[in-house]
Amino acid sequence: MKNYDMKAYQKKIKHEMDDGRYQHTLGVMYTCAALAMRYEYDIQKAQLAGLLHDCAKCIPNGKKLKLCEKHNIQITEVEKRNPFLLHAKLGAFLAMHQYGITDKEVVSAILNHTTGKPNMSLLDKIVYVADYIEPRRNKAPNLTEVRKLAFLNLDDALYRILSDTLEYLDEGSGEIDEMTLKAYNYYKMQREHEGKGTEKEETL
Ligand code: DGI
Ligand code: FE
Ligand code: FE
């Protein structure tokens, strides 16, 4: 893979977000690096994906919708009602066209970092899990356990996060995106085939 000028990307992204979001971004970047070490993925590529994953997060929601329309990025009904979800799709677009990222794995990891999807790549999983466990995160339940799990078995951590996220959304905290549900059901089925526990019995 080509050598990325990480410092230049850091400087650029710092200007696109508030300080809290930038600190989160750095946390995700370094957590991606740690997971890449553990699961033998390209460390620099994982860091780059972590650094850019929320590059569209601080764009106001109205502008997110406008930018998606302008660039022919498809908006689902759920996204129309919950425009913050679009920061993943728009982030992948900006990574390509504003940051000049051509690496498909990096772009895919940004695209799928919020909802997950069925059959995620190793980098998709690293970014998805790192986003949830980075050191500054403190809202999710069972973080101590999930953080440990992330370094023991990435797929177990991924499934746990999908499951906890759906539970949180199900409690009335947000409208469920079809992709989040697809991802959860895919990994639930996969685990059943592998004879692994799925904790929750019902298919959501
Ligand atoms: O951008 P971040 O806050 O760092 O993290 P993120 O992109 O993973 O977004 C986190 C939020 O996304 C979290 O509150 C759960 C929410 N989320 C994930 N899947 C869905 C969802 N929200 C809705 N409404 N629907 C989903 O399917
Ligand atoms: Fe995000
Ligand atoms: Fe994030």
Side-chain angles (χ1 to χ4, degrees), residues 9-10 13-14 16-35 46-61 64-65 67-68 73-95 99 106-118 120 123-143 146-147 150 157-188 203-204:
Y9 285 120
Q10 276 189 40
I13 202 125
K14 194 172 196 280
E16 300 297 330
M17 41 183 63
D18 57 68
D19 188 56
R21 183 57 48 181
Y22 184 62
Q23 296 305 323
H24 160 73
T25 293
L26 293 181
V28 174
M29 180 179 85
Y30 286 119
T31 305
C32 282
L35 289 171
Q47 273 193 262
L48 181 67
L51 179 64
L52 296 180
H53 84 284
D54 271 342
C55 68
K57 183 81 178 187
C58 290
I59 298 170
N61 281 338
K64 277 194 193 84
L65 287 160
L67 282 170
C68 284
I73 299 169
Q74 285 217 351
I75 307 167
T76 65
E77 286 302 315
V78 177
E79 286 166 342
K80 211 177 271 177
R81 290 189 292 271
N82 304 272
F84 82 93
L85 287 168
L86 286 170
H87 79 277
K89 278 185 186 175
L90 192 56
F93 177 88
L94 294 178
Y99 293 83
V106 172
V107 174
S108 162
I110 299 168
L111 181 64
N112 300 305
H113 87 268
T114 301
T115 59
K117 67 160 189 174
M120 290 162 83
L123 184 59
D124 291 341
K125 293 174 187 175
I126 286 174
V127 174
Y128 184 85
V129 171
D131 194 17
Y132 196 85
I133 67 166
E134 66 94 0
R136 285 174 58 95
R137 276 260 193 246
N138 57 14
K139 287 205 186 81
N142 317 312
L143 262 178
V146 180
R147 282 182 170 130
L158 171 70
Y159 181 71
R160 181 66 186 268
I161 296 168
L162 282 168
S163 163
D164 284 354
T165 299
L166 275 173
E167 196 166 298
Y168 163 80
L169 293 171
D170 227 29
E171 281 163 1
S173 315
E175 188 179 4
I176 294 169
D177 188 280
E178 190 190 20
M179 195 56 85
T180 309
L181 200 55
K182 276 189 184 165
Y184 172 74
N185 283 326
Y186 175 90
Y187 285 103
K188 181 180 161 66
T203 302
L204 281 160

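Numbering of ligands and ligand atoms starts at 1, following listing order. What you see below is based on every heavy atom in this structure, not just the backbone, and it leaves out hydrogens, waters and symmetry mates.
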Compare all side-chain heavy atoms of [X] with those of [Y] and state whether any distance is below 4.5 angstrom.
| X | Y | result |
| --- | --- | --- |
| I176 | D170 | yes |
| L67 | F93 | no |
| C68 | Q74 | no |
| L123 | S108 | no |
| K89 | L111 | yes |
| H24 | V28 | yes |
| Q10 | L26 | yes |

> Side chains of D54 and T25: is there a donor and an acceptor less than 3.5 Å apart?
Replying inline: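 Side-chain D/A pair, D54 to T25: absent.
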> If you measure only the distance, is there a donor-acceptor pair under 3.5 Å linking the side chains of K188 and N185?
Replying inline: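 Per modelled atom types, K188 and N185 side chains form no pair under 3.5 Å.
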Under a 4.0 angstrom heavy-atom cut-off, which atoms of ligand 1 come close to [X]?
| X | value |
| --- | --- |
| H87 | 1 (O), 7 (O) |
| D177 | 25 (N), 26 (C), 27 (O) |
| K57 | 1 (O), 2 (P), 3 (O) |
| H24 | 4 (O) |
| D131 | 4 (O), 5 (O), 6 (P), 7 (O), 8 (O) |
| I176 | 25 (N), 27 (O) |
| R21 | 1 (O), 2 (P), 3 (O), 4 (O) |
| H113 | 7 (O), 8 (O) |

In the protein, which heavy atom is nearest to [atom], and how far is it?
| atom | answer |
| --- | --- |
| atom 20 (C) of ligand 1 | L169 CD1, 3.4 Å |
| atom 7 (O) of ligand 1 | T114 OG1, 2.7 Å |
| atom 14 (O) of ligand 1 | Y168 CE2, 4.1 Å |
| atom 25 (N) of ligand 1 | E175 O, 2.6 Å |
| atom 15 (C) of ligand 1 | T165 CG2, 4.1 Å |

> Is the closest protein non-hydrogen atom to atom 18 (C) of ligand 1 under 4.0 Å?
Replying inline: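 Given the 4.0 Å cut-off, atom 18 (C) of ligand 1 counts as touching protein heavy atoms.
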> Within a distance of under 4.0 Å, is there any protein heavy atom near atom 23 (C) of ligand 1?
Replying inline: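 Under 4.0 Å from atom 23 (C) of ligand 1, at least one protein heavy atom found.
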> Checking only N/O/S atoms, does E134 have one that is under 2.8 Å from the Fe ion (ligand 3)?
Replying inline: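 Here the distance criterion (N, O or S atom, under 2.8 Å) is not met by E134, so no.
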> Looking at K64, H113, H53, which hits side chain to side chain donor-acceptor pair (under 3.5 Å) with H87?
Replying inline: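 Checked K64, H113, H53 against H87; only one passes side chain to side chain donor-acceptor pair (under 3.5 Å): H113.
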> With the Fe ion (ligand 3) as the point of reference, which N/O/S atom of D131 is the closest?
Replying inline: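 Closest N, O or S atom of D131 to the Fe ion (ligand 3): OD1.
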> Please state the angle at the Fe ion (ligand 3) spanned by NE2 of H24 and NE2 of H53: what is it, rounded to 10 degrees?
Replying inline: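 Output for this angle: 100°, rounded to tens.
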> Of all the heavy atoms in F84, does at least one lie under 4.0 Å from an atom in ligand 1?
Replying inline: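 F84: in contact with ligand 1 (<4.0 Å).
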> Is the backbone of K14 close enough, under 3.5 Å, to the side chain of R21 for a donor and an acceptor to pair up by distance?
Replying inline: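 Judged by distance alone, no pair lies under 3.5 Å.
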> Can any side-chain N or O of Y9 pair as donor or acceptor with the backbone N or O of Y99 at less than 3.5 Å?
Replying inline: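 Side chain of Y9 to backbone of Y99: a pair is present.
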> For R137 and ligand 1, does the shortest N/O to N/O distance drop below 3.5 Å?
Replying inline: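 Among all N and O atoms of R137, at least one is under 3.5 Å from an N or O of ligand 1.
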> Is there any N or O on H53 that sits under 3.5 Å from an N or O of ligand 1?
Replying inline: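 Checking ligand 1 against H53, no N or O pair falls under 3.5 Å apart.
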> What do the steps show when you test M120 against L158 for side-chain contact (heavy atoms from CB on, under 4.5 Å), and what is the final call?
Replying inline: CA-CA 10 Å; M120 290 162 83; L158 171 70; 3.9 Å; yes
> Quick one: does ligand 1 sit under 4.0 Å from the side chain of M179, the backbone, both or neither, non-hydrogen atoms only?
Replying inline: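 Answer for M179: neither.
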> Where does V28 meet ligand 1, judged by heavy-atom distances below 4.0 Å: at the side chain, the backbone, both, or neither?
Replying inline: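 It is neither; nothing of V28 touches ligand 1.
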>> Strictly under 2.8 Å, is the Fe ion (ligand 2) approached by any N, O or S atom of H87?
In response: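 An N, O or S atom of H87 is closer than 2.8 Å to the Fe ion (ligand 2), so yes.
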> Does D54 bring an N, O or S atom to within less than 2.8 Å of the Fe ion (ligand 2)?
Replying inline: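 Looking at D54, which is the residue asked about, there is an N, O or S atom under 2.8 Å from the Fe ion (ligand 2).
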> Has Q23 got more than 12 heavy atoms of other residues, nucleotides or ligands less than 6.0 Å from its CD?
Replying inline: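 Result for CD/Q23: enclosed.
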>> Can you tell me which residue among Y184, Y186, Y128, Y187 is in a ring pair (Phe, Tyr, Trp, His ring centres under 6.0 Å) with Y159?
In response: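 With Y159 as partner, ring pair (Phe, Tyr, Trp, His ring centres under 6.0 Å) holds for just one option, Y184.
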